[in-house]
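Read through the structure below, which is laid out as structure tokens, and then see the notes.
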Amino acid sequence: SYMCLSFQQKKILNIGKGGAILLDDKKDYEVLKRLAWDGRNSAVSPQDDMDIILGFHMNMTPEMASCGILKLNTLSKENKDNGGSHTYPDISQLKCFNS
């Protein structure tokens, strides 16, 4: 399963930009990680990476990541509805996922 998070200005964890994908499959993680590194394997130098796939340059900067970690410490244990968040259904129960 996948969960996408956004850290846009109006979100609870509002670091300005960026996001995260939470998932539970190591193979999917490895594919998404490569896509975020312009389709390259980050463990191999660009000159030695002969198995390049189409990807995007979507790396969060260390400054944004550290800002998010610092803000995590200031969040309440409960996320209260401040007019901007909504209750969403359990997507695993939607018809499109049960066909």
field: Close side-chain approach of F7 and I12, heavy atoms under 4.5 Å
entry: no
- prompt: Given side chains that start at C-beta, do those of N14 and K71 come closer than 4.5 Å, heavy atoms only?
  reply: yes
message: Rounded at 0.5 Å granularity, tell me how far CD in Q8 sits from CD1 in I15.
response: 11.5 Å
Pairs of donor and acceptor atoms involving the side chains of residues 60-68, under 3.5 Å and at least two apart or interchain, shall be tabulated with distances.
| residue | atom | partner | partner atom | Å |
| --- | --- | --- | --- | --- |
| T61 | OG1 | M64 | N | 3.1 |
| S66 | OG | P62 | O | 3.2 |
| S66 | OG | E63 | O | 3.0 |

- request: Just jot down the side chain to side chain donor-acceptor pair (under 3.5 Å) partners of K11, sequence neighbours excluded, or say none.
  value: none
message: Please tell me whether L13 and I69 are part of a single hydrophobic cluster in this structure, the criterion being side-chain heavy atoms less than 4.5 Å apart.
response: no
Quiz: residues 19-26 side-chain donor-acceptor pairs under 3.5 angstrom, not counting sequence neighbours:
| residue | atom | partner | partner atom | Å |
| --- | --- | --- | --- | --- |
| D24 | OD1 | S1 | N | 2.9 |
| D25 | OD1 | K27 | N | 3.0 |
| D25 | OD1 | D28 | N | 2.9 |
| K26 | NZ | E30 | OE2 | 3.1 |

